[in-house]
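For the single chain, residues carry numbers from 1 onward in sequence order. Order of listing sets the numbers, starting from 1, for every ligand and every atom in it.
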Amino acid sequence: MSFQLPDLTYNHDALEPHIDSKTMQIHHSKHHAGYTSKLNAAIEGTELANKSIEEILTTLDMSNSAVRNNGGGYYNHCLFWEIMSPNSGGEPEGSLSEAIKKSFGSFDEFKSKFSAAAGTRFGSGWAWLCASPNGELDICSTANQDNPLMPGMCGGTPILGIDVWEHAYYLNYQNRRPDYVNAFFNVINWDVVSGKYESAIS
Ligand code: MN3
């Protein structure tokens, strides 16, 4: 079995002006495709070849840098494409909205903390919103292509993540990472994130 690069469910230009078409095209068809093929090469013929990506990451030998970097890159980008869509943004509803209020005080407070995590990650990495089985939410960030599923990371199930590698925003935003993070909030598909929250706590 090998991992496949997932198709985007929207066009490359669908997230404009927040994320530009050229960035989406290169990010998906070059970067994510590269992680996918390198992950497949790294697990071929090993005991990892028949495992799900979640199993691979939660039981990862962190010294296996090929699987750590490319398995993380594969999983992280799959989640990233999924939690964005055109005509979205705004705020979540229902139980996720309640959980955000309970864990952070308000949506604005959550946005501020998440943006700070994304803005202060030095170099390349990701910021995450994670859910614990008891319903609590937490924000963290990871370096490179690490993620919360890996041993020793911040823990919980990632339900929202933002890629803050320069390849995710540099064509349009150059050094202005905070502007990119702010724009990201206009393309978050909260229905998808809410679905991930429900799955993580049930
Ligand atoms: Mn990326």
W165 ring center near Y170 ring center (under 6.0 Å): no

Does H167 bring an N, O or S atom to under 2.8 Å of the Mn ion (ligand 1)? yes

Answer yes or no as to whether an N/O/S atom of H31 is found below 2.8 Å from the Mn ion (ligand 1). no

Answer yes or no for C154 and C140: SG-SG distance under 2.5 Å. yes

Could you check whether E82 pairs with K196 (Lys NZ or Arg NE/NH1/NH2 to Asp/Glu carboxylate O, under 4.0 Å)? yes

Ring pair (Phe, Tyr, Trp, His ring centres under 6.0 Å) for H27 and H77? Distances and angles first, verdict last. CA-CA 9 Å; H27 202 174; H77 291 84; 4.9 Å; yes

In D163, the N/O/S atom nearest the Mn ion (ligand 1) carries the name OD2

